[in-house]
Amino acid sequence: MTVRVRFAPSPTGYLHIGGARTALFNWLYARHTGGKFILRIEDTDAARNSLEAVEVILQGLRWLGLDWDEGPLTADAAGPCKGSSGPYFQSQRKANYEQRVAALLSRGLAYEHEGAVKFRMQREAVIIPDLVVGEVRRELTDREAEDPDFVIVRSDGQPVFHLVNVIDDLDMGITHVIRGEDHLSNTAKHIALFRAFGVPPPKYAHIPLILNGDGSKMSKRDTGASMTTYVEEGFLPEAVVNYLCLLGWSPKENREKMSVAEVVERFDLPQILRHNARFDMTKLQWLNGEYLRELPPEKFHAAAVHALARAGIDTNKWPLPYVKAALDTCLGKVKLFSELPAYAGFYFTDEIKLDAAALAKDFDAENKPRVEKLRGAFQQTANFDAASLEAVLKETAKAFGVKAGVLVHPARLACTGNAAGPSLYHLLEILGRERVLARLDRALRSTPG
RNA sequence: GACCCUAUGGUCUAGCGGUUAGGACACCUCCCUUUCACGGAGGUAGCCCGGGUUCGAUUCCCGGUAGGGUCGCCA
């Protein structure tokens with residue numbers, strides 16, 4: 001029997017990082033087993049759903065590279081789909097639910113109550129076989145002991161989540177339900193529903209949740225909760241995917257950086273961890289830096305230009321070779337594209353902000369004459385290229401009997417406004433003699449003595 | 001309140017009836033170096049607590065504690 005798994009998000013306007021990981025694990029399992037990955041939109045809450053909200057989910061999954069074998073092609077609920085188990089929007093499947101509810105009603109497995117339809121839930125504990133957690137014996141809570149039955153159709157006629165989720169899984173032939181552990185307790189209801197419909201329930205695999213760094217529940221507003229922040233902050237999808245794989249699943253063998261293909265090969269349900277994981281943004285950034293460093297220059301340029309544009313730096317105003325040369329000096333130096341405006345912004349403006357304290361330190365009475373000398377040497381040198389500039393700077397330092405760093409720091413500060421950045425000699429060459437001298441002059445003028 | 005899940009350094013994790021408890025991120029020190037990053041060499045830091053079982057428990061069992069989840073005419 002071929003594996004059929006699904007990701008069934010509710011369009012709420014954003015894609016939660018935990019939801020993204022659930023989608024990823026489902027996708028990985030489908031790809032590992034040669035099964036099908038199905039995307040189903042649970043848009044039962046009509047008031048809250050919108051085309052845009054669905055679009056966010058589709059975009060998020062596409063960005064991560066999680067392609068679905070069956071599901072919607074557009075965000076339009078009535079639009080085109082692929083796969084033969086459609087429609088893939090719950091709002092389009094009302095007839096199925098009505099039929100199923102009528103059947104339950106006629107067999108006395110459900111009944112009407114105050115305008116709603118309630119399911120006659122079993123009164124005993126339910127055994128939940130789970131591929132990750134093991135066999136769970138779910139007893140009734142005190143409230144459930146009072147009234148175990150639960151609403152499956154609201155008094156306004158809208159079916160509720162538990163019902164539609166089960167019916168869709170049933171109708172779509174879902175074999176494995178891989179979902180967040182927050183659904184574990186509710187699975188008792190789902191199993192009872194499957195039994196009422198006379199079919200065996202799918203296999204369940206409840207995966208641990210992703211918590212905030214402090215261990216609290218990650219909700220909408222928490223940093224890192226929404227997938228769109230990763231897109232906007234300039235993360236690489238392969239880094240995010242790689243990091244997500246490592247939360248709640250372990251490849252063993254002390255592996256960290258792995259290609260998706262490699263994970264697909266190794267991924268399986270038994271290696272999924274049972275405990276929740278805290279989201280560690282710092283480690284994600286490290287991983288992102290690892291991937292960023294390996295990026296081919298063209299891809300780096302494209303993404304870098306985009307990141308700079310987002311920060312209001314229009315690189316189109318500059319000659320292409322200049323932009324490329326400038327960005328080349330940043331390759332392998334930043335972990336995130338969002339660092340780029342601060343890191344490389346000095347290439348694209350002449351308004352360098354000079355921190356007064358840093359200025360006072362690098363251009364103190366003792367050092368200022370040395371920098372003036374260096375400025376003169378830069379003016380004189382025949383070739384204004386990195387190698388020559390390095391030689392000139394080192395000669396000047398030697399003449400003063402100081403280390404190169406003594407001149408490097410003020411030169412960097414004057415030309416970039418930063419204490420750290422790309423290779424000084426290379427950035428000087430790219431900036432060109434005229435601008436370098438102007439920036440040195442400005443720094444020299446703005447310090448006393 | 002009841003029910004369910006979980007528990008290895010700060011974080012992600014490997015391991016397991018007998019190990020010097022391994023790796024990664026982060027942090028600290030040093031080296032390299034024009035800064036930073038990278039790279040290299042070191043370092044600090046861990047089996048939640050209490051009972052059992054056992055010759056021996058981080059590992060198995062029970063209890064506690066802590067964290068998370070669920071008990072909705074939300075999904």
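Naming convention: chains lettered A, B, ... in sequence-line order (proteins, then strands); numbering from 1 in each chain.
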Q. Looking at B:rC12, B:rA26, B:rA7, which one has an atom nearest to any side-chain atom of A:Ala277?
A. B:rC12
Name every donor-acceptor pair, under 3.5 Å, that has one atom in a side chain of residues 394-405 of chain A and the other anywhere in the protein, sequence neighbours excluded.
{"residue": "A:Lys394", "atom": "NZ", "partner": "A:Glu390", "partner atom": "OE2", "Å": "2.8"}
{"residue": "A:Thr396", "atom": "OG1", "partner": "A:Val392", "partner atom": "O", "Å": "2.7"}

Q: Name the residue closer to the 5' end of RNA chain B, choosing between A:Leu284 and A:Glu135 according to the nucleotide with the nearest heavy atom.
A: A:Glu135
Q. Can you tell which of B:rC4, B:rU35, B:rU8 lies closest to the side chain of A:Glu139?
A. B:rC4
Q: For A:Val160 and for A:Tyr343, find the nucleotide of RNA chain B with the closest heavy atom, then tell me which residue's nucleotide is more 5'.
A: A:Tyr343
Q: Would you mind building the protein contact string for nucleotides 43-48 of chain B? One character per nucleotide, 5' to 3', B for base within reach (heavy atoms under 4.0 Å), S for sugar-phosphate only, - for untouched.
A: ------
Q | Proximal nucleotide (of B:rC38, B:rG68, B:rG10) relative to the A:Asp280 side chain | A | B:rG10
**Q.** Pairwise C1' distance, B:rG23 and B:rA45 [rounded to whole Å]
**A.** 15 Å
(Q) Classify A:Lys394 by what it touches in the nucleic acid, base, sugar-phosphate, or nothing, heavy-atom distance under 4.0 Å. (A) sugar-phosphate
Q.
From C-beta outward on A:Asn186, which listed nucleotide comes closest to its side chain: B:rC71, B:rU34, B:rG69?
A. B:rC71
Q) How far does the P atom of B:rC36 sit from the matching atom of B:rC28, given to the nearest Å? A) 13 Å
Q. On a whole-Å scale, what distance lies between the P atoms belonging to B:rC62 and B:rA7?
A. 13 Å
(Q) Checking side-chain hydrogen bond (donor to acceptor under 3.5 Å, both in side chains) between A:Arg179 and each of A:Thr187, A:Thr22, A:Asn186, which is the one that passes? (A) A:Thr187
Q | Shortest side-chain distance from A:Trp286, nucleotide among B:rA14, B:rA75, B:rA24 | A | B:rA24
**Q.** Nearest-neighbour nucleotide for the A:Ser423 side chain, B:rU34, B:rU6, B:rG15 considered
**A.** B:rU34
Q: Could you check whether the rings of A:Phe150 and A:His162 sit parallel, tilted or perpendicular, using 30° and 60° as the cut-offs?
A: perpendicular
Q) For A:Lys373, does the NZ atom sit with more than 12 other heavy atoms under 6.0 Å from it, leaving out its own atoms? A) no
Q. Can you name the closest pair of heavy atoms from A:Leu15 and A:Gly60 and give their distance?
A. CD2-CA, 3.9 Å
Q. Parallel, tilted or perpendicular for A:Phe378 and A:Phe384, by the 30°/60° rule?
A. perpendicular
Q: Assign A:Arg278 to base, sugar-phosphate, or nothing according to its heavy-atom contacts below 4.0 angstrom with the strands shown.
A: sugar-phosphate
Q.
For the aromatic rings, using the six-membered ring if either is Trp, is the centroid distance between A:Phe25 and A:Phe7 under 6.0 Å?
A. no
Q: Go through B:rA75, B:rC36, B:rA14 for me and flag the one nearest to the A:Ala420 side chain.
A: B:rC36
Q) With a non-hydrogen cut-off below 4.0 angstrom, is A:Leu140 in contact with a base, only sugar-phosphate, or nothing? A) sugar-phosphate
Which protein N or O atoms sit under 3.5 Å from an N or O of nucleotides 57-66 of chain B?
none

Q. Is there a donor N/O on one and an acceptor N/O on the other, under 3.5 Å, for the side chain of A:Glu256 and the base of B:rG23?
A. yes
Q. Under the ring pair (Phe, Tyr, Trp, His ring centres under 6.0 Å) test, which residues partner A:Phe337, sequence neighbours left out?
A. A:Phe300
(Q) Quick one about A:Tyr347 and A:Thr329 (side-chain donor to acceptor, distance below 3.5 Å, no hydrogens or angles considered), yes or no? (A) yes
Q: Rounded off to whole Å, could you give me the CG-to-C1' distance for the A:Leu273 and B:rC5 pair?
A: 13 Å
(Q) What contact category does A:Gly421 fall into here, base, sugar-phosphate, or nothing, at under 4.0 angstrom with non-hydrogen atoms? (A) base
(Q) With a 6.0 Å cut-off on the ring centroids, do A:His409 and A:Phe363 count as close? (A) no
**Q.** Under 4.0 angstrom between A:Lys283 side-chain N/O and B:rA26 OP1 or OP2
**A.** no
Q: Please determine if a side-chain N or O atom of A:Ser250 lies less than 4.0 Å away from the OP1 or OP2 oxygen of B:rA14.
A: yes
**Q.** Protein-nucleotide distance (A:Leu163, atom CG; B:rC74, atom C1'), rounded to Å
**A.** 15 Å
(Q) Classify the ring geometry of A:His113 against A:Tyr111: parallel below 30°, tilted from 30° to 60°, perpendicular beyond 60°. (A) perpendicular
Q. Counting side-chain heavy atoms from CB outward, which of B:rC4, B:rU35, B:rU70 is closest to A:Lys333?
A. B:rU35
**Q.** Nucleotide nearest A:Tyr425 when distance is taken to its side chain, options B:rG68, B:rU34, B:rU35
**A.** B:rU34
Q.
Whether A:His426 contacts B:rU34 is assessed here as follows: a side-chain N or O lying under 4.0 Å from the phosphate OP1 or OP2. Is that the case?
A. no
Q | Candidates B:rA75, B:rC3, B:rU13 - which lies nearest the side chain of A:Thr44 | A | B:rA75
Q: Look at the side-chain N and O atoms of A:Lys403 and state whether any lies under 4.0 Å from the OP1 or OP2 oxygen of B:rU34.
A: no
**Q.** RNA chain B contacts among residues 110-133 of chain A, heavy-atom distance under 4.0 Å
**A.** A:Glu114, A:Ala116, A:Val133
Q.
Tell me which nucleotide, if any, is Watson-Crick or G-U wobble paired with B:rU54 when both distances must be under 3.5 Å.
A. none
**Q.** Residues touching RNA chain B, which here means a heavy atom under 4.0 Å, drawn from residues 142-156 of chain A
**A.** A:Asp142, A:Arg143, A:Glu144, A:Val151, A:Arg154, A:Ser155
Q) Heavy atoms under 4.0 Å, any strand shown: does A:Leu184 hit a base, just sugar-phosphate, or nothing? A) sugar-phosphate
